[in-house]
Amino acid sequence: MASTKDAVQFYWDPVCPWCWITSRWMEDVGRQKAIDVRTGGFLVYARSTKVGPPERFRVSHLMGLRALRVAAAVREQHGLEAVRKLYTVMGTRKHHDQADIGTVAELESILRTCGLPTDLAAAADDETWDKVIEADMASAVAKAGKDVGVPLIVLDGGMAQGFLVLCSVLLPRESGGGTVGRHGDGWAC
């Protein structure tokens, strides 16, 4: 297990393309610098329930909620490494293949690809998992403030203050640039 200085907490929403881009960067950072990347769910829709999302985003947000419920069940029953695998497949299906990751059939296929029990897809319709998602979100808000969104990274094993990632800084990685290096108590691109 990594020390707190070599661990980060990464909060993500499965339908957010910026979270997907950042997650790929975080995976690279984890491999390059032996950093333990711990994940937590964050549903942007839940942060905007007073007003509600615009109609054009409602379907996407419901898709994200159903996917996060499954991720919460996977984390409880199979651990963080299984969630990392799940999000990699889930993100690829959503952001590259344009699949609806909120359907039970697609979630079963994702779970099967990850070598996980397909019956976990039933969590998509189980509102009891919302408490786990809400707890993750409360943790993120406690670390980064009430006006936070995602992608969100919290350094020092999830104990430091969190910061919202500006994804435009990460995009050069796709063109072969953007190396990651240790800088004081944090990381720099």
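One-based numbering along the sequence shown.
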Between NZ of Lys85 and NE2 of His78, what distance do you get to the nearest 0.5 Å? 11.0 Å
Please check if the side chain of His95 supplies one atom and the backbone of Pro14 the other of a donor-acceptor pair under 3.5 Å. yes
Please examine the side chains of Ile21 and Trp25, heavy atoms only from C-beta on, and report whether any two atoms are closer than 4.5 Å. no
Qualifying residue for side-chain contact (heavy atoms from CB on, under 4.5 Å) with Leu86, from Thr113, Ile110, Leu120: Ile110
Measure across Ala124 and Val70 and return the closest heavy-atom pair with its distance rounded to 0.1 Å. N-CG2, 3.7 Å
Hydrogens and angles aside, do Ser23 and Arg84 bring a side-chain donor and acceptor to less than 3.5 Å of each other? no
Rounded to the nearest 0.5 Å, how far apart are CE of Met26 and CZ of Arg31? 11.0 Å
Once the angle between the rings of His96 and Trp20 is folded into 0 to 90°, is it parallel (under 30°), tilted (30 to 60°) or perpendicular (over 60°)? perpendicular
Asp130, Asp126, Asp125 screened by salt bridge (Lys or Arg N to Asp or Glu O under 4.0 Å) with Arg69, the one that passes: Asp130
If we ignore angles and hydrogens, is there a donor and acceptor under 3.5 Å between the side chains of Arg66 and Thr103? no
Which heavy atom of Gly64 sits nearest a heavy atom of Asp13, and at what distance? CA-OD1, 4.4 Å
Starting at OG of Ser109, measure out to CD1 of Ile101 and round the result to the nearest 0.5 Å. 12.0 Å
Could you grab the distance from atom SG of Cys19 to atom CZ of Phe10, nearest 0.5 Å is fine? 5.5 Å
Taking all non-hydrogen atoms of both residues, which atom of Met63 and which atom of Gly102 are closest, and how far apart? CG-N, 3.3 Å
Checking side chain to side chain contact (heavy atoms under 4.5 Å, CB included) for the pair Asp100/Glu106: CA distance, chi angles, key distance, verdict? CA-CA 7 Å; Asp100 181 347; Glu106 187 65 30; 5.8 Å; no
Considering residues, nucleotides and ligands other than Gln98, do more than 12 of their heavy atoms fall under 6.0 Å from its CD? yes
Take Trp129 and Leu68, measure what side chain to side chain contact (heavy atoms under 4.5 Å, CB included) needs, and give me the verdict at the end. CA-CA 8 Å; Trp129 292 107; Leu68 274 181; over 6 Å; no
Atom CG of Leu107 and atom CG of Leu116: how far apart are they, to the nearest 0.5 Å? 12.0 Å
Say you draw a straight line from OG1 of Thr118 to CG of Leu111; how long is it, rounded to the nearest 0.5 Å? 7.0 Å
Side chain of Thr92, backbone of Thr88: donor and acceptor closer than 3.5 Å? yes
Looking at Asp136 and Arg75, is there a salt bridge between them, counting it only when a charged N and a carboxylate O are closer than 4.0 Å? yes
